[in-house]
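Read the structure below first, then the notes.
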There are 2 protein chains.
Amino acid sequence: MTEQEIAAVLERAEHLCRGRGARLTQQRRTVLRLLCASDKPLSAYELLDRMRGCIKNPAPPTVYRALDFLLEHGLVHKLESLHAFVGCAHPEHTHAGQFLICSDCGDVSELEDSAVAKSLQAAGKAAGFRMTRPVVELIGTCAHCDGGKQT
Amino acid sequence: MTEQEIAAVLERAEHLCRGRGARLTQQRRTVLRLLCASDKPLSAYELLDRMRGCIKNPAPPTVYRALDFLLEHGLVHKLESLHAFVGCAHPEHTHAGQFLICSDCGDVSELEDSAVAKSLQAAGKAAGFRMTRPVVELIGTCAHCDGGKQT
DNA sequence: TAACGAAACGTTATAAAATAACGCGCATGT
DNA sequence: ACATGCGCGTTATTTTATAACGTTTCGTTA
């Protein structure tokens with residue numbers, strides 16, 4: 001994300017939290033900013049390393065607490081298959097996103113494909129299942145890495 | 001799974017491995033059997049505990065190696081969001097299954113919903129993404145636990 | 001059948017990811 | 001001012017997963 005995009009995300013996050021009576025503290029803001037600034041998902045411990053610049057003596061609970069808050073408020077996503085986190089590209093949206101994870105270059109892109117969302121919803125409903133959190137991570141090779149090798 | 005179902009799974013696994021020139025060793029068979037016999041997903045370490053009955057001094061690599069083999073051959077699935085494993089209900093199928101995970105009772109059921117599979121395939125294709133492994137885990141409340149509380 | 005090479009396994013150690021538990025301090029409202 | 005709850009610091013521990021290296025087992029081929 002560019003500096004400007006990050007600023008916009010922080011702005012939106014601020015607004016969203018204010019509206020909910022939630023406190024976007026310095027550390028939480030820092031974690032969100034670091035995630036947005038990274039071009040790759042970050043593990044909690046990578047995040048921890050990067051926090052050393054801004055915060056004095058961060059320990060694991062510091063980063064996990066911030067992540068818990070941000071996850072609750074839909075500002076970041078956890079990629080379960082990578083044990084890593086990314087800033088949410090669409091914080092206003094519904095949080096039924098899907099992730100394309102390139103196992104070659106490590107790039108991740110977030111989709112909000114309504115056909116996928118609907119089919120998942122339908123499949124759950126058919127089983128009488130009330131869905132609270134869909135985890136959809138497609139692991140494979142991105143267009144760039146696949147480059148011309150495949151039709 | 002019932003004893004008979006487990007026997008059938010082991011039989012199929014045997015056959016499948018033979019056909020591929022892969023060796024379904026005693027330990028691998030044991031891990032597969034234990035997973036099938038459990039009514040819940042098992043973590044690697046729970047599995048390790050249960051192996052103590054059958055195998056002398058199992059250490060983590062023992063169970064992880066068996067799991068790697070079984071995963072490669074599509075005989076078990078890993079539930080990324082739970083750090084746990086289940087026996088595959090449909091070892092003959094395509095391995096694009098979806099999982100419904102009840103966060104209330106812990107029960108997991110495996111689907112093979114073709115509408116979901118197709119929409120995922122389509123979404124990936126639209127992004128030029130070549131998918132090798134879909135991770136689809138729907139977290140929520142199963143019909144039983146939701147029991148009457150919801151329309 | 002003896003020798004070989006690959007695959008499977010035993011073992012010890014360590015890395016990586018996540019949480020428990022406890023107390024302090026600060027902001028918020030009464 | 002005071003009480004309450006939330007956020008945070010800190011230490012320790014638990015849980016999950018892998019590295020590294022030597023030994024054994026198995027199937028193949030000479």
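Throughout, a chain's letter reflects where its sequence line sits, starting with A, and its residues are numbered from 1.
- In this structure, B/Lys56 places its NZ atom 11 Å from C1' of D/dT24, rounding to the nearest Å.
- In this structure, A/Asp68 has no salt bridge (Lys or Arg N to Asp or Glu O under 4.0 Å) partners at least two apart in sequence or on a different chain.
- Whole-Å rounding puts the B/Phe69 CZ to C/dA8 P distance at 7 Å.
- When rounded to the nearest whole Å, the span between CD of B/Glu72 and P of C/dA8 equals 9 Å.
- Every residue was checked against the salt bridge (Lys or Arg N to Asp or Glu O under 4.0 Å) condition with B/Arg50, not counting sequence neighbours, and none meets it.
- Take A/Glu14 and apply the salt bridge (Lys or Arg N to Asp or Glu O under 4.0 Å) test, not counting sequence neighbours, and it matches A/Arg29.
- Residues satisfying the side-chain hydrogen bond (donor to acceptor under 3.5 Å, both in side chains) criterion with B/Ser81, sequence neighbours excluded, are B/Glu137.
- Using a distance-only test at 3.5 Å, with no hydrogens or angles considered, a donor-acceptor pair links the side chain of A/Thr2 to the main chain of A/Glu5.
- The CG-P distance, from B/Leu42 to D/dA17, rounds to 13 Å in whole Å.
- In this view, B/Lys40 and B/Asp107 satisfy the side-chain hydrogen bond (donor to acceptor under 3.5 Å, both in side chains) rule, not counting sequence neighbours.
- With rounding to whole Å, B/His73 atom NE2 is found 12 Å from C/dA7 atom C1'.
- Rounded to whole angstrom, the span from the CG atom of B/Asp49 across to the P atom of D/dT14 amounts to 15 Å.
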- Protein heavy-atom contacts under 4.0 Å, written 5' to 3' over nucleotides 12-30 of chain C as B (base), S (sugar-phosphate only) or - (none), form the string B----BBBBB---------
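- When the local axes at the two ends of the helix from C/dT1-D/dA30 to C/dT30-D/dA1 are compared, using 5 base pairs at each end, they differ in direction by 30° after rounding to 10°.
- Applying the ring pair (Phe, Tyr, Trp, His ring centres under 6.0 Å) definition to pairs two or more places apart or across chains, none involves residues 39-62 of chain A.
- Shown for residues 26-39 of chain B: residues whose heavy atoms fall under 4.0 angstrom of DNA chain C, namely B/Gln27, B/Arg28.
- The side-chain hydrogen bond (donor to acceptor under 3.5 Å, both in side chains) contacts involving residues 111-128 of chain B comprise A/Ser119-B/Ser119, where partners must be two or more places apart or lie in separate chains.
- A side chain to side chain contact (heavy atoms under 4.5 Å, CB included) with B/Val76 holds for exactly one of B/Val31, B/Val86, B/Leu32, B/Leu42; it is B/Leu32.
- Under the salt bridge (Lys or Arg N to Asp or Glu O under 4.0 Å) criterion, A/Glu80 pairs with A/Arg133, not counting sequence neighbours.
- With sequence neighbours excluded, the residues that form a side-chain hydrogen bond (donor to acceptor under 3.5 Å, both in side chains) with A/Glu110 are A/His77.
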